[in-house]
Amino acid sequence: MNPLLLIKPAICAAIPQCQKNDYTCLMKKILAFETSCDDTAVAVVAGDGTILSEAVYSQLEHHLPYGGVVPEIGSRAHIEQISVVTKEVLRRANIFPHEIDIVAATFAPGLLGPLLVGAQFAKGFALSHNKPLIAVHHIAGHVLSGLGEAGFCAPPFVALVVSGGHTALYDCNQDYAMTCIGETLDDAAGEAFDKLGRALGLPYPAGKQIDELAHEGQPGKFIFPRPLRHCDSLNFSFSGLKTHGLSEIRKHAPIDAQTVADFCRGLCDSIAEVLCDRALQAIKRTGHQSLVVGGGVAANSFLRTRLQAMCLANNIKLFLPAVKHCTDNAVMIARAAIIKLKQERFCSMDLEVVAHLPIERAGEL
Ligand code: KG4
Ligand code: ZN
């Protein structure tokens, strides 16, 4: 045996169920699919988390005229693209389909049509090449997307997932079972960015552009409400902030470029502050020492800077994925599948996709 393999890698050491100690799973090649919304994402990732190749086909242009994702259009675009993207990813990884060891796909939650396309394609690939299949919960994917990239975070930890559809805090236990300990009572943070961006005339999804514009803006020119600030809970609420933002935009109409930038700066600062404040509360309540952050809004530069400062000041270990692995991608699905591979939790070919499945029921996949 290669002597290097005698050193138990962090990823193996942190998974209690991984008793085999044969390390062969580190060399396995996982083909992963993520199609829960508007991105056709495929990746090949090795069992130690190393990316061998990845590609994302963004459907943005298909949905742009409608100002949001149209599920039927999304399903059709996934059908058209999934085999093209898969072939390209295998070509870039320089491997043949039969060299894939495990197939993984998002089975829940998400838009039913798009989920069906990815899961059925994954089943077809697994069946035709006689490979095992792993079903992944999309939120578990966001939580574990930093695996092998931002260093490996051994559970227990607190996870903050901030995306277009979710804003929630999870308590992840030793066995990677997650429990929601706080969530938004209304809009998700990404939704607030997108809706206010739309009112500013920015294309959907607006989060990235608001982030960029905010760098030209002055802090403190726009003060947004900090919802539930004095409330003793780990929940979030962004609808009041959104309503306040909409009325400010109306008040300043026609809005000039500098005012837009100032507005974006105020928005980024307030959302980042609320998210950091709640994440810190969650760390204090659980007593965990690590914070893992994922989801599209985790790409926000103001949030990243504030999280880093907060964690440094409070001696918390922070795990942030690379910016490109914050938004939906297939690498995160592969990395979540690695944990299930080590736990030997494969799924049946009869498994159906589910549009809504709380993370507490992720074990059903
Ligand atoms: O995780 P994701 O790709 O999809 C969902 O599962 O929802 O997140 C998309 C969300 C969108 O709302 C988008 O505006 C937001 O992430 N987003 C950002 C940034 N990049 C993407 N929000 C703030 N700042 C960014 N840099
Ligand atoms: Zn997502």
Side-chain angles (χ1 to χ4, degrees), residues 11 15 17-18 25 28-37 39-47 49 54 56 74-75 78-79 82-83 85-86 89 97 100-145 147 155 159 161 163 165-166 170 172-173 175-180 294-295 325 328-365:
I11 184 170
I15 299 170
Q17 292 94 333
C18 186
C25 54
K28 298 251 193 273
K29 294 183 195 76
I30 302 156
L31 175 67
F33 300 95
E34 155 56 43
T35 62
S36 67
C37 191
D39 290 314
T40 315
V42 186
V44 180
V45 175
E54 63 173 311
V56 180
S75 309
H78 282 306
I79 291 172
I82 196 156
S83 63
V85 181
T86 305
V89 162
I100 291 294
D101 299 295
I102 292 119
V103 183
T106 308
F107 271 66
L111 300 172
L112 212 48
L115 279 172
L116 261 173
V117 178
Q120 293 305 113
F121 191 85
K123 281 184 190 174
F125 192 102
L127 272 173
S128 59
H129 296 285
N130 199 21
K131 304 293 175 186
L133 181 65
I134 293 179
V136 174
H137 191 284
H138 183 77
I139 299 300
H142 275 306
V143 171
L144 299 167
S145 63
L147 194 94
V161 175
S163 69
H166 295 85
Y170 303 100
C172 179
N173 78 7
D175 297 328
Y176 287 91
M178 296 183 214
T179 312
C180 180
H325 293 139
D328 291 349
N329 64 88
V331 170
M332 72 185 204
I333 301 307
R335 287 180 171 159
I338 292 171
I339 305 295
K340 294 188 88 171
L341 164 67
K342 290 180 164 292
Q343 296 171 331
E344 300 194 357
R345 289 172 52 207
F346 301 102
C347 79
S348 135
M349 289 294 165
D350 298 334
L351 187 73
E352 304 277 0
V353 298
V354 195
H356 300 282
L357 187 72
I359 193 95
E360 288 82 357
R361 288 174 52 200
E364 292 172 22
L365 297 180

With distance as the sole test, does Glu34 use its side chain to make a donor-acceptor pair with the main-chain N or O of Val56 at under 3.5 Å? no
Please step through side chain to side chain contact (heavy atoms under 4.5 Å, CB included) for the pair Glu360 and Cys180, ending with a clear verdict. CA-CA 7 Å; Glu360 288 82 357; Cys180 180; 3.3 Å; yes
With no hydrogens and no angle check, is any side-chain donor or acceptor of Asn329 less than 3.5 Å from a backbone partner on Val331? yes
Heavy-atom distance under 4.5 Å between the side chains of Phe121 and Val42, does that happen here? no
Hey, is the main chain of Ile102 close enough, under 3.5 Å, to the side chain of His129 for a donor-acceptor pair? no
Considering non-hydrogen atoms only, spot the tightest contact between Ala43 and Ala330 and give its length. N-CB, 3.5 Å
Taking every non-hydrogen atom, the tightest pair across Ala355 and Pro109: O-CB, 3.1 Å
Atom pair CD1/CZ of Ile359 and Arg361 - distance to nearest 0.5 Å: 12.0 Å
Looking at Met332 and Ser145, what are the two nearest heavy atoms and their distance? CB-CB, 3.2 Å
How long is the straight-line distance from CD of Glu352 back to CG of Leu115, given to the nearest 0.5 Å? 12.0 Å
From Leu116 atom CG to Phe107 atom CZ, the distance as rounded to the nearest 0.5 Å: 9.5 Å
Kindly compute the distance separating CG (Leu133) from CG (Leu127), expressed to the nearest 0.5 Å. 8.5 Å
With distance as the sole test, does Arg345 use its side chain to make a donor-acceptor pair with the main-chain N or O of Lys340 at under 3.5 Å? no
Where do His166 and Ile139 land on the side chain to side chain contact (heavy atoms under 4.5 Å, CB included) test, with the steps shown first? CA-CA 9 Å; His166 295 85; Ile139 299 300; 3.5 Å; yes
Looking only at heavy atoms, which two atoms of Gly118 and Ile82 are closest? And how far apart? CA-CD1, 3.8 Å
Scanning both residues in full, the closest heavy-atom pair of Asp328 with Ser36 reads OD2-OG, 4.3 Å
One pair to check against side chain to side chain contact (heavy atoms under 4.5 Å, CB included): Tyr176 and Gln343. What are the steps and the verdict? CA-CA 10 Å; Tyr176 287 91; Gln343 296 171 331; 4.1 Å; yes
Can you check whether Leu357's main-chain N or O pairs, donor with acceptor, with His137's side chain at less than 3.5 Å? yes
Residue pair Asp101 / Pro132: nearest heavy atoms and the distance that separates them: O-CD, 3.2 Å
Can you measure from OG (Ser348) to CG (Leu365) and round to the nearest 0.5 angstrom? 11.5 Å
Return yes if some donor-acceptor pair links the side-chain N/O of Thr35 with the main-chain N/O of Thr40 below 3.5 Å, else return no. no
If you apply the rule side chain to side chain contact (heavy atoms under 4.5 Å, CB included), what do you find for Leu144 with Ile338, and how did you get there? CA-CA 10 Å; Leu144 299 167; Ile338 292 171; over 6 Å; no
Heavy atoms, side chains only, cut-off 4.5 Å: are Phe33 and Thr86 in contact? yes
Rounded to the nearest 0.5 Å, what separates atom NE2 in His78 from atom SG in Cys37? 7.0 Å
Hey, is the main chain of Met349 close enough, under 3.5 Å, to the side chain of Lys123 for a donor-acceptor pair? yes
